[in-house]
Amino acid sequence: QEIEKLITNSKILEDKLKESKQQNKSLAQSLENAKKQLVDELEEQKKIKLSLEKEKTQLQQQNSQLESKTKTMSTTIEEFKQKLSQNETIYLKKIAELAEVTKKLED
């Protein structure tokens, strides 16, 4: 009877061991799936980061180009203002000369 009890307990322990092994296998598979998902997400994050860094670089280049164009335009505007001022001075002199000539002709 003692032997039958040991055999029964042994079978119970074997069943529990099998069940435990199956649970461990299932947990190991779940962990492997979670690990794969995390690796995939990390790779996706890396791709997004690279894309954002590339876009940032492009925007910085565009910004630099715009700053350069703005400086060029400012210089051009200043040169244009100076030319206008010079032309205004020239035209005022010509108008004064014309007024003198007109006055002399009237006299």
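- Once rounded to the nearest 0.5 Å, the distance linking CD1 of I95 with OG1 of T102 reads 11.0 Å.
- Proximity of a side-chain donor or acceptor of T75 to a complementary backbone N or O of K71 within less than 3.5 Å is detected.
- N33 and Q37 are not linked by any side-chain donor-acceptor pair at a separation below 3.5 angstrom, with hydrogens and angles left out of the test.
- Here the side chain of S64 pairs no donor or acceptor atom with the backbone of Q60 at under 3.5 angstrom.
- Expressed to the nearest 0.5 Å, how far CD of Q82 lies from CG of N87 amounts to 12.0 Å.
- In this structure, CD on E97 lies 11.0 Å from CD1 on I90, to the nearest 0.5 angstrom.
- With values rounded to the nearest 0.5 angstrom, L27 atom CG is found 13.0 Å from K25 atom NZ.
- Side chains of L84 and K81 form no contact here, defined as non-hydrogen atoms less than 4.5 Å apart.
- Atom-to-atom distance recorded for Q23:CD and K16:NZ is 11.5 Å, nearest 0.5 angstrom.
- The pair K103-E106 does not count as a salt bridge, with every side-chain nitrogen at least 4.0 angstrom from each carboxylate oxygen.
- The backbone N or O of L6 lies less than 3.5 Å from no partner atom in the side chain of S10, so there is not a single donor-acceptor pair.
- Enclosure of atom CD1 in I3 is not indicated, since only 12 or fewer non-hydrogen atoms of other residues, nucleotides or ligands lie within 6.0 angstrom.
- Judged purely by atom type and a 3.5 angstrom limit, S26 has no side-chain atom pairing as donor or acceptor with the backbone of Q22.
- At least one side-chain heavy atom of K36 sits less than 4.5 Å from a side-chain heavy atom of D40.
- Looking at K46 and K49, their side chains never come closer than 4.5 Å, going by heavy atoms from C-beta outward.
- Side-chain contact between D15 and E19 is absent, with no heavy atoms from C-beta onward closer than 4.5 Å.
- Within the model, atoms CD of E41 and CD of E44 stand 9.5 Å from one another, a figure rounded to the nearest 0.5 Å.
- Heavy-atom contacts from other residues, nucleotides or ligands closer than 6.0 Å to CD of Q58 number more than 12.
- Between the side chain of S74 and the main chain of T70, a donor-acceptor pair closer than 3.5 Å is present.
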